[in-house]
Amino acid sequence: MEQYLSLILSAVGGAVLGPIISKLTGGSSVGGILGGIIGGIATHYGLDAANVQLLGDAAAGATAPKNIVNSLLSGGVGGSVLGLIAGMLVKRRA
C-alpha cells in the first residue's frame, strides 16, 4: 500500500485544489474535480519520470511527513491547472 500512497495523495491534492481554483474563475466544480484528479495523477507521474523531488527525500519513504506534503502540493498544483482548464470547458451556461 505504501507504493500507492504518493499517487493517492497527489490525486487528493488535485481533487481539493482543482474545484477551488475552478470556482474562483467561474468554472464548473465537476470539471474542476475531474480535472484536478487527472492533473494530480499526471503531475505525480511527470515529476516521478523526471526524478524531481520538490520537498521530500526519496530515500525516506512515502510515509515521511516531507514526502506526504510533497505529494499533496505537487498534486494540488497540477490539479489546479488542469482543474481550471476542465472547469472552464464544462462551464455552466446561465
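Here, residue 1 is the first one in the sequence, and each next residue gets the next number.
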Check: Should side-chain heavy atoms under 4.5 Å link Ile, Leu, Val, Met, Phe, Trp and Tyr, which residues sit in the same cluster as L82?
Finding: I38
Note to self: Tell me which one of I21, L24, I20 satisfies side chain to side chain contact (heavy atoms under 4.5 Å, CB included) with S80.
What the structure shows: I21
Checklist line | Side-chain donor or acceptor of S22 paired with backbone N/O of S28 under 3.5 Å | finding: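 Here the side-chain-to-backbone pair exists.
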Notebook entry, point to check: Cluster question for you: counting only ILVMFWY and a side-chain heavy-atom cut-off of under 4.5 Å, with indirect links fine, are V16 and I37 together?
Noted result: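 Unlinked, V16 and I37 end up in two clusters.
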Check: Same cluster or not: are I41 and I8 linked, directly or through other Ile, Leu, Val, Met, Phe, Trp or Tyr residues, by side-chain heavy atoms under 4.5 angstrom apart?
Finding: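 Each belongs to a different hydrophobic cluster.
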Closest approach of [X] and [Y], non-hydrogen atoms and distance?
| X | Y | result |
| --- | --- | --- |
| G26 | M88 | C-SD, 4.4 Å |
| G31 | A86 | O-CB, 3.2 Å |
| I33 | P19 | CG1-CG, 3.6 Å |
| G76 | L17 | CA-CD1, 3.6 Å |
| L72 | V12 | CD2-CG1, 4.3 Å |

Check: Are L84 and T25 close enough that some pair of their side-chain heavy atoms sits under 4.5 Å apart?
Finding: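 Sidechains of T25 and L84: in contact.
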Check: Is there side-chain contact between T43 and V77, with heavy atoms separated by less than 4.5 Å?
Finding: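 No; the side chains remain at least 4.5 Å from each other.
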Check: CG/D48 to OG/S6 distance, rounded to the nearest 0.5 angstrom?
Finding: 7.0 Å
